[in-house]
Amino acid sequence: MSTLVFLLDRFNRQTTRWAGHAATLLLAAMLVVMIVHVVYRYALGDSFGWTEELSRYMMVWMAFLYFPAAHKKGLNASLDLCTEWFRGSRPWQLLQLLIEAAILASLIWCIQLGFDRIERGATTQSLALGIPMAQVYYILPISFALTALCSLERLLRSAHALFCPREAAQLTARDRSPDNRQAEL
């Protein structure tokens, strides 16, 4: 199991890194588009109809590209206040395992919903840009699939910590070692 967790960790680190870079580029492009929009609207008294729509789509893509990295690092919303008092105990580990299993099941369902949205969006076009809405919705199954892989990694880590605590501690130590971090760069 530790080999599978290690391989998922490597894959998830790479994909979340590339998704983060793509999201950062989208943020920069969105900034440029909005600056052009503001200059044309207020300085020249004219505006483009497509800039707001394009910025909105880029913001959606950016958010969905950051979602897997946030989940991998455990930065999604949670109720730590309710579980902080028994953190690290066996019941807490079991609760984490069950929560992550529910999250993974939800993400798998969301992947299917994303494909359904793409299918429905293939017949409609955006108003200002005139592109098929399916192109806007492609990010949904991509993001949910990458997040599901991060969730699977977290689920396996939780199971590993619950059922094989010594081996899980060694795996965590190996993940945090400077040699392992340096090899990724």
Practice problem: Say whether V32 and V39 are linked into one hydrophobic cluster, either directly or through other cluster members, by side-chain heavy-atom distances under 4.5 angstrom. | Solution: no
Exercise. Search all heavy atoms of T16 against all heavy atoms of C150 and return the closest pair with its distance.
Key: CG2-SG, 4.0 Å
Exercise. Examine L25 and Y138 and state if one hydrophobic cluster contains both, with Ile, Leu, Val, Met, Phe, Trp and Tyr joined whenever side-chain heavy atoms are less than 4.5 Å apart.
Key: no
Self-check item: For S151 against L107, the heavy-atom pair lying closest together
Solution: CB-CD1, 3.8 Å
Quiz item: What distance do Q93 atom CD and L98 atom CG have between them, rounded to the nearest 0.5 Å?
Solution: 12.0 Å
Practice problem: Please list all pairs passing the salt bridge (Lys or Arg N to Asp or Glu O under 4.0 Å) test where one or both residues lie in residues 105-122, with sequence neighbours left out. | Solution: none
Quiz item: Rounded to the nearest 0.5 Å, how far does CG of L155 lie from CD1 of I99?
Solution: 12.0 Å
Quiz item: Within the distance-only criterion (no hydrogens, no angle test), does the side chain of D9 pair as donor or acceptor with the backbone N or O of V5 below 3.5 angstrom?
Solution: no
Quiz item: Can you list the steps and then say if M133 with Y57 is a side chain to side chain contact (heavy atoms under 4.5 Å, CB included)?
Solution: CA-CA 10 Å; M133 289 303 293; Y57 296 154; 3.5 Å; yes
Exercise. Looking only at non-hydrogen atoms, find the nearest pair between S143 and P68 and report the distance.
Key: O-CG, 3.8 Å
Quiz prompt | Pairwise side-chain contact, V33 with M58, heavy-atom cut-off 4.5 Å (strictly under) | solution = yes
Quiz item: Between atom CG of N12 and atom CZ of R154, what is the distance when rounded to the nearest 0.5 Å?
Solution: 11.0 Å
Quiz item: Under 30°, 30 to 60°, or over 60°: which ring-plane class applies to F67 and H71, parallel, tilted or perpendicular?
Solution: tilted
Quiz item: Between A128 and G49, which heavy-atom pair has the shortest distance, and what is it?
Solution: CB-O, 3.5 Å
Quiz item: Between Y66 and G20, which heavy-atom pair has the shortest distance, and what is it?
Solution: OH-O, 3.7 Å
Quiz item: Between atom CD1 of I142 and atom CD1 of I118, what is the distance when rounded to the nearest 0.5 Å?
Solution: 7.5 Å
Quiz item: Within a reach of under 6.0 Å around OH of Y40, are more than 12 heavy atoms found that belong to other residues, nucleotides or ligands?
Solution: no
Quiz prompt | Approximate separation, where rounding is to 0.5 Å, of I103 CD1 and I108 CD1 | solution = 12.0 Å
Exercise. Check whether I131 and M59 end up in the same hydrophobic cluster, where Ile, Leu, Val, Met, Phe, Trp and Tyr are linked by side-chain heavy atoms less than 4.5 Å apart.
Key: yes
Exercise. Find out if a path of hydrophobic residues (ILVMFWY) with successive side-chain heavy-atom gaps under 4.5 Å connects I35 to M62.
Key: no
Quiz item: Between CG of L95 and OG of S89, what distance do you get to the nearest 0.5 Å?
Solution: 9.0 Å
Quiz item: Hey, does the side chain of W61 reach the backbone of I139 with a donor-acceptor pair shorter than 3.5 angstrom?
Solution: no
Exercise. Applying side chain to side chain contact (heavy atoms under 4.5 Å, CB included), run through L149 and T15 and close with a yes or a no.
Key: CA-CA 10 Å; L149 288 173; T15 57; over 6 Å; no
Practice problem: Could you tell me whether L44 atom CG has more than 12 heavy atoms of other residues or ligands within 6.0 Å of it? | Solution: yes
Self-check item: F64 and F144: CA distance, side-chain angles, deciding distance, side chain to side chain contact (heavy atoms under 4.5 Å, CB included) verdict
Solution: CA-CA 8 Å; F64 276 99; F144 290 133; 3.8 Å; yes
Practice problem: Quick one: do E52 and R56 satisfy salt bridge (Lys or Arg N to Asp or Glu O under 4.0 Å)? Show the steps, please. | Solution: CA-CA 6 Å; E52 290 181 34; R56 187 171 42 251; 5.3 Å; no
Exercise. Could you please spell out the steps behind the side chain to side chain contact (heavy atoms under 4.5 Å, CB included) verdict for L140 and L113?
Key: CA-CA 8 Å; L140 296 173; L113 290 177; over 6 Å; no
Quiz prompt | Closest heavy-atom pair and its distance - E53, L129 | solution = OE2-N, 3.1 Å
Exercise. Is it possible for you to say whether W109 and L104 belong to one hydrophobic cluster, with membership spreading through side-chain heavy-atom contacts below 4.5 Å?
Key: no
